[in-house]
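Please read these numbers as outputs of a predicted model, since none were measured by experiment.
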There are 2 protein chains.
Amino acid sequence: MRDDIHTKGIPVLCASCEARHRGLCGALSDDQLVELARSTMRQKADDGKVLVGDEDEVERFSNVLSGVVKLTKTLSDGRQQIVGLQFAPDFVGRPFRSESSVSAEAATGVEVCSFPRRTLERMMAEQPGLEHRLLQQTLRELDEARDWMVALGRKTAAEKVASFLLMIAQNIDPAATEGQGADRSQAFDLPLSRGEIADFLGLTIETVSRQLTRLRTAGVIRIENTRHVVVEDVSRLAARAGG
Amino acid sequence: MRDDIHTKGIPVLCASCEARHRGLCGALSDDQLVELARSTMRQKADDGKVLVGDEDEVERFSNVLSGVVKLTKTLSDGRQQIVGLQFAPDFVGRPFRSESSVSAEAATGVEVCSFPRRTLERMMAEQPGLEHRLLQQTLRELDEARDWMVALGRKTAAEKVASFLLMIAQNIDPAATEGQGADRSQAFDLPLSRGEIADFLGLTIETVSRQLTRLRTAGVIRIENTRHVVVEDVSRLAARAGG
DNA sequence: CGGAGCATTGAAAAGTATCAAGCTAAGTGG
DNA sequence: CCACTTAGCTTGATACTTTTCAATGCTCCG
């Protein structure tokens with residue numbers, strides 16, 4: 001019997017929400033879920049919508065329900081770097097500090113579920129399991145950030161692009177990219193434009209485009225319509241991603 | 001009256017330890033400190049000593065008491081990237097996962113205080129304050145990692161080297177680099193060799209050396225003996241670090 | 001004194017960025 | 001319905017930064 005069929009006492013809002021299973025809210029009891037839901041807002045945003053500005057006082061945190069949120073940092077002269085991508089059911093926000101240091105922006109159309117920072121911080125104090133989940137998520141984000149530091153600092157443009165495609169593929173379908181299934185093909189939509197991929201990989205648009213063309217020419221991927229990509233052979237892509 | 005003069009009931013080991021104030025152990029009661037100290041080892045290591053190998057099962061966590069620990073990741077062909085520098089009283093280890101994914105190595109001579117992962121994980125379960133401290137530290141590391149992602153992806157070699165010097169200066173003396181004191185000079189020893197700086201900044205040894213020479217020629221820094229650096233004017237260095 | 005390990009410097013090569021056209025697809029208005 | 005526009009992408013030629021390769025210098029230590 002599935003957990004999510006038990007919806008007695010659970011807010012309608014949360015009934016089919018992924019964050020209740022794999023995300024933060026999994027740490028909450030039904031009662032706590034009801035309490036949190038009282039100050040919760042579910043909202044949709046188109047891509048490009050800035051959810052949290054760089055300098056904003058962050059008064060609300062969010063869970064990503066669908067779509068992709070990009071976290072960016074910008075130098076004073078406009079150079080930009082994407083420092084994280086949040087997929088469902090990731091948490092977005094910086095607890096224990098009111099200014100954010102990163103800007104959060106919808107990369108695709110997204111749905112998020114947001115709640116006041118105060119509410120979360122209060123509930124964290126009375127429910128250690130919540131802080132535990134947050135620690136787990138933060139540790140995972142740190143692992144990811146460090147993986148990308150290696151890519152940014154030490155990989156070539158070709159390896160960066162291959163690594164990026166692999167990361168996206170992995171997020172779309174974790175099973176297809178590991179172990180036995182790694183020799184099958186996999187199709188997906190890129191959640192980022194060429195320019196955003198460039199900002200993620202520390203490259204220019206042109207270099208990203210050229211590397212994608214090379215992968216296409218080499219028969220590693222097919223590009224159906226700039227956003228839709230088919231990886232013909234995941235293991236061959238992985239071989240180009242650099243150890 | 002100073003806290004650290006109260007040493008009644010506190011293990012000798014911990015009496016003068018920074019981790020008890022600014023670090024993890026600050027979350028512990030005297031009794032808990034005693035319990036942790038029972039399975040604690042204080043150890044010195046020379047620079048170059050590998051504290052935690054890449055693939056090791058990590059059975060112990062540590063606090064850095066003095067010196068600098070570098071966290072590195074290595075690609076299969078040997079390319080290396082430093083993904084973090086831990087200063088006293090930082091925590092070293094990856095809770096909730098037995099393999100580490102990063103290697104921890106003494107960059108300078110270091111003193112660390114280590115304890116079994118089991119002990120910490122047990123104490124975390126019964127003392128939420130401990131998990132809170134760990135979350136704070138992890139969030140800070142994540143902020144730092146993301147700052148460096150911007151440097152790695154978007155800054156020029158000159159900006160990277162200036163940013164690095166500034167970061168070190170900040171760690172040596174937080175006061176001297178911010179606000180009013182930013183126009184004064186500051187001297188310190190680099191905790192890393194040229195090769196390590198290169199691995200931190202995603203550059204080659206030669207490029208790091210050339211950029212340091214340029215800063216010296218421009219009168220921004222003096223280099224006394226390859227390791228010892230005097231920043232003549234911190235704000236002038238900051239101007240070269242890229243907004 | 002001589003060697004070993006870093007560090008610096010120079011010259012050439014490579015990789016990526018920049019500049020400049022075109023191209024494609026999707027929308028807009030005649 | 002079709003020219004027109006626009007935004008994002010691709011492709012090409014050139015410039016520039018950084019790497020690579022090579023040689024020399026410095027400093028610590030046996």
Side-chain angles (χ1 to χ4, degrees), chain A residues 46-48 70 75 77-82 105 107-109 151-165 189-218 221-229 240 242, chain B residues 46-48 70 75 77-81 107-109 151-165 189-218 221-229 240 242:
Chain A
D46 289 335
D47 59 291
K70 60 174 180 175
L75 298 177
D77 63 358
R79 282 174 289 176
Q80 201 169 60
Q81 175 69 43
I82 295 181
E105 187 175 323
T108 62
L152 289 169
R154 289 304 186 200
K155 287 190 181 177
T156 64
E159 291 170 331
K160 286 179 180 182
V161 172
S163 301
F164 171 75
L165 292 176
D189 282 316
L190 294 173
L192 305 185
S193 69
R194 298 292 185 271
E196 289 171 319
I197 296 172
D199 282 347
F200 188 71
L201 299 177
L203 299 171
T204 58
I205 292 179
E206 293 92 329
T207 300
V208 170
S209 180
R210 278 187 250 271
Q211 296 301 336
L212 285 172
T213 302
R214 283 188 50 188
L215 285 174
R216 180 170 51 71
T217 308
I221 61 174
R222 281 208 320 272
I223 299 177
E224 315 271 53
N225 63 9
T226 77
R227 285 290 184 133
H228 194 76
V229 172
R240 290 169 180 255
Chain B
D46 290 334
D47 58 290
K70 61 173 180 175
L75 298 177
D77 63 357
R79 282 173 289 175
Q80 200 168 60
Q81 175 70 42
T108 63
L152 289 170
R154 289 304 186 201
K155 288 189 181 177
T156 64
E159 290 170 332
K160 285 179 179 181
V161 171
S163 301
F164 171 75
L165 292 176
D189 281 317
L190 295 173
L192 304 185
S193 69
R194 298 293 185 271
E196 289 171 319
I197 297 173
D199 282 347
F200 189 71
L201 299 177
L203 300 170
T204 58
I205 293 179
E206 295 93 327
T207 301
V208 170
S209 181
R210 280 187 249 270
Q211 296 302 335
L212 285 171
T213 303
R214 283 187 50 188
L215 286 173
R216 181 169 52 69
T217 309
I221 61 174
R222 282 207 319 272
I223 299 177
E224 314 272 55
N225 64 7
T226 77
R227 284 290 182 134
H228 193 75
V229 172
R240 289 168 180 257

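Spacing between atom NZ of A/Lys155 and atom P of C/dT16 amounts to 14 Å, rounded to whole angstrom units. Regarding B/Asn225, its CG atom lies at a distance of 15 Å from the C1' atom of C/dT8, rounded to whole Å. When rounded to the nearest whole Å, the span between CG of A/Leu212 and P of D/dT11 equals 10 Å. A/Glu206 has its CD atom 12 Å from the C1' atom of D/dG8, to the nearest Å. As a whole-Å value, the separation of B/Arg194 CZ from C/dT8 C1' is 9 Å. Rounded to an integer number of Å, the gap from CD1 of B/Ile205 to C1' of D/dA23 is 15 Å. Taking atom CZ on B/Arg227 and atom P on D/dC28, their separation rounds to 12 Å, with Å as the unit. Counting to the nearest Å, the C1' atom of D/dT19 and the CG atom of B/Asp199 are 14 Å from each other.
Where B/Gly195 and A/Val208 each meet DNA chain C at their nearest nucleotide, the meeting point lying more 5' is that of B/Gly195.
Between A/Thr207 and the phosphate of C/dA17, there is a side-chain N or O to OP1/OP2 separation shorter than 4.0 Å. For the OP1/OP2 pair of D/dT11 and a distance below 4.0 Å, the side-chain nitrogens and oxygens of A/Arg216 include at least one atom meeting the criterion.
Comparing C/dA7, D/dT19, C/dT16 against the side chain of B/Ser209 picks out C/dA7 as the nearest. If you check C/dA17, C/dT9, C/dT8 against the side chain of B/Thr213, the one that comes closest is C/dT9.
Using a 4.5 Å heavy-atom threshold, the side chains of B/Arg194 and B/Leu212 count as touching. In this structure the side chain of B/Arg154 reaches within 4.5 angstrom of the side chain of A/Asp199, judged on heavy atoms.
The number of heavy-atom neighbours closer than 6.0 Å to CZ of B/Arg214, taken from other residues, nucleotides and ligands shown, is 12 or below. In the displayed structure, A/Asp46 atom CG is contacted under 6.0 Å by at most 12 heavy atoms of other residues, nucleotides or ligands.
Contact annotation for B/Ser193: backbone-only contact, meaning every heavy-atom pair under 4.0 Å involves sugar-phosphate atoms and none involves a base.
For a distance-only test at 3.5 Å, the side chain of A/Arg210 fails to qualify as a donor-acceptor partner of the base of C/dG15.
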Between B/Leu152 and B/Gln81, does a side chain to side chain contact (heavy atoms under 4.5 Å, CB included) hold up when you go through it step by step?
CA-CA 11 Å; B/Leu152 289 170; B/Gln81 175 70 42; 3.9 Å; yes

